[in-house]
Amino acid sequence: MKIASFNIAGIKARMPALTAWLEEAKPDVAILQEVKSVDENFPREHFENMGYNVETHGQKSFNGVAILSKYPLEDVMCGLPGDDSDEQARYIEANVVNERAVRVCGLYLPNGNPVEFDAEGAPIHDGKYGYKLGWMARLHARAEELMAAEEPFLMAGDYNVIPQAEDAARPEAWTKDALALPDSRNAYRKLMNLGLTEAFRNRNPAPEQYTFWDFQRGAWNRNDGIRIDHFLLSPECADLLKDCQIDKEIRGREKPSDHVPIWIELAA
DNA sequence: ATGACCTGTCCTACAGGA
């Protein structure tokens, strides 16, 4: 089973590029972020006609996540637990029911910028950065709950975290950025320390492997990228992992997203 | 000129992204 994650930066603008990629890559499951659409306007029938079941958790203008799946989707949960006042549509879970069920969690983790610093130069855990760190604590709590079931699950999406210096073409440019600050990296590491396997690095130790290139400053042409889209697998899911790759070439096409798809192949 | 952002929305200018 092939499961992909793709931050599409707007479903409406990405229909041609997304459709072409789905037809070529043929993922069984596609986890989408930054749909930027309310559920009523999501072009559900277009994807149903391609053989996908569709679950969306959208909002007006910003954020929004969705799951497309050739297998049935069951027990759908929208929204990350732990804060009833959080209105941003960034999280969706569903069981993908094939020969065995895999719990798929799709996430669009908050960016966290801009970060404010105190007089000593320490980042203040407030505003957007505070929201990011709080969101990551809630994600950790949810992962801990799912781990207790000892069944295959995965958390995939746009984490907005550059895990290590080697995951950026210019690491020095990100040292004061919410994507790479120590607290962001530590929260990501803490999630992994629950026993989750990061699929890409499990399969590919090569440098210069990125999933995002900014639209600005000719980032793509200079390969000035960062690796921020990740798959974290539970132990039971990691046992099924056969492959993990980034569809880099998509970035050079007509009307691309600023992210590219990352996918895993599971023996199930 | 080693380089010039994209999307959605409706106050066609602005917020938000990373």
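In the text below, chain A, chain B and the rest are named by the order of the sequence lines, each starting its count at 1.
Computed from coordinates, the A:Gln88 CD to B:dA15 P distance equals 17 Å when rounded to whole Å. Rounded to a whole Å, the CD atom of A:Glu34 is 9 Å from the C1' atom of B:dG16. In this structure, the CG atom of A:Asp224 is 12 Å from the P atom of B:dA4, given to the nearest Å. If you take CZ of A:Arg227 and P of B:dA18, they are 17 Å apart, rounded to a whole angstrom. B:dA18 atom P lies 17 Å from atom CZ of A:Arg185, rounded to whole Å. Taking atom CD on A:Glu87 and atom P on B:dG16, their separation rounds to 15 Å, with Å as the unit. Following rounding to the nearest Å, A:Asp177 (CG) and B:dG17 (P) show an atom-to-atom distance of 12 Å. At whole-Å resolution of the value, CH2 in A:Trp220 and P in B:dG3 are 17 Å apart.
Hydrophobic clustering, defined by side-chain heavy atoms of Ile, Leu, Val, Met, Phe, Trp and Tyr closer than 4.5 Å, groups A:Ile226 together with A:Ile162, A:Trp174, A:Leu179, A:Phe212, A:Ile228. Taking Ile, Leu, Val, Met, Phe, Trp and Tyr as hydrophobic and joining them when side-chain heavy atoms fall under 4.5 Å apart, one finds A:Leu109 in a cluster with A:Met77, A:Leu80, A:Tyr91, A:Leu107, A:Tyr131, A:Trp135, A:Met136, A:Leu139, A:Leu146, A:Met147, A:Phe153, A:Met155, A:Tyr159, A:Val161, A:Tyr188, A:Leu191, A:Met192, A:Leu194, A:Leu196, A:Leu232.
Within the structure, every pair that satisfies the salt bridge (Lys or Arg N to Asp or Glu O under 4.0 Å) test and touches residues 48-62 of chain A, not counting sequence neighbours, is listed here: A:Arg44-A:Glu48. Counting only residues at least two apart or on different chains, no salt bridge (Lys or Arg N to Asp or Glu O under 4.0 Å) pair has a member in residues 32-41 of chain A. Listed by first and then second residue, the salt bridge (Lys or Arg N to Asp or Glu O under 4.0 Å) pairs that reach into residues 109-122 of chain A come to none, sequence neighbours excluded.
Side-chain contact between A:Asp83 and A:Ser85: present, with at least one pair of heavy atoms (C-beta onward) separated by less than 4.5 Å. Considering only heavy atoms from C-beta on, A:Asp229 comes within 4.5 Å of A:Gln33 through its side chain. Annotation: side chain of A:Val97 is not in contact with side chain of A:Tyr71 (no heavy-atom distance under 4.5 Å). In this structure the side chain of A:Ile11 never reaches within 4.5 angstrom of the side chain of A:Arg14, judged on heavy atoms.
Distance check on atom C1': B:dC5 versus B:dA18 gives 12 Å, rounded to whole Å. Separation of the P atoms belonging to B:dG16 and B:dC10 is 14 Å when rounded to the nearest angstrom. Nucleotides B:dG8 and B:dA4, compared at atom C1', are 22 Å apart to the nearest Å. Going from the C1' atom of B:dC6 to that of B:dT2 covers 23 Å, rounded to whole Å.
Taking the side-chain hydrogen bond (donor to acceptor under 3.5 Å, both in side chains) definition, one finds that A:Glu198 meets it with A:Arg227, sequence neighbours left out. Evaluation of the side-chain hydrogen bond (donor to acceptor under 3.5 Å, both in side chains) rule for A:Asp243 yields A:Gln245 as partners, not counting sequence neighbours. With sequence neighbours excluded, the residues forming a side-chain contact (heavy atoms from CB on, under 4.5 Å) with A:Ala199 are A:Phe231, A:Leu233, A:Leu241, A:Cys244, A:Ile264, listed by chain and number.
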Could you list, one pair per line, each protein nitrogen or oxygen that sits under 3.5 Å from a nitrogen or oxygen of nucleotides 12-14 of chain B, together with the distance?
none

Provide a list of protein-nucleic acid N or O atom pairs under 3.5 angstrom, restricted to nucleotides 5-11 of chain B.
from	atom 1	to	atom 2	distance (Å)
B:dC5	O4'	A:Phe215	O	3.3
B:dT7	OP1	A:Arg14	NH1	3.3
B:dT7	OP1	A:Lys255	NZ	3.1
B:dG8	OP1	A:Ala13	N	3.3
B:dC10	OP1	A:Lys60	NZ	2.9

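OP1 and OP2 of B:dG16 both lie 4.0 Å or more from every side-chain N or O belonging to A:Asn113. The side chain of A:Tyr108 contributes an N or O atom lying less than 4.0 Å from OP1 or OP2 of B:dA18. Phosphate proximity of B:dA18 to A:His259: present, with a side-chain N or O under 4.0 Å from OP1 or OP2.
Within the 4.0 angstrom heavy-atom criterion, no nucleotide atom of any strand lies near A:Lys132. Across all strands shown, A:Asp158 has heavy atoms under 4.0 Å from sugar-phosphate atoms exclusively, and none from any base. Across all strands shown, A:Asn221 has no heavy atoms under 4.0 Å from either base or sugar-phosphate atoms.
No side-chain N or O of A:Asp214 forms a donor-acceptor pair with one of A:Trp220 less than 3.5 Å apart. Residues A:Trp263 and A:Asp247 have side chains that bring a donor and an acceptor to within less than 3.5 angstrom of each other.
Here A:Arg103 does not pair with A:Glu151 in a salt bridge; the nearest charged N to carboxylate O distance is not below 4.0 Å.
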For DNA chain B, the dot-bracket pattern of Watson-Crick and G-U pairs whose distances stay under 3.5 Å, | for other-strand partners: ....(((((...))))).

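Nearest-nucleotide positions on DNA chain B place A:Arg222 closer to the 5' end than the other of A:Leu179 and A:Arg222.
Of the residues in residues 162-176 of chain A, not one places a heavy atom less than 4.0 Å from an atom of DNA chain B.
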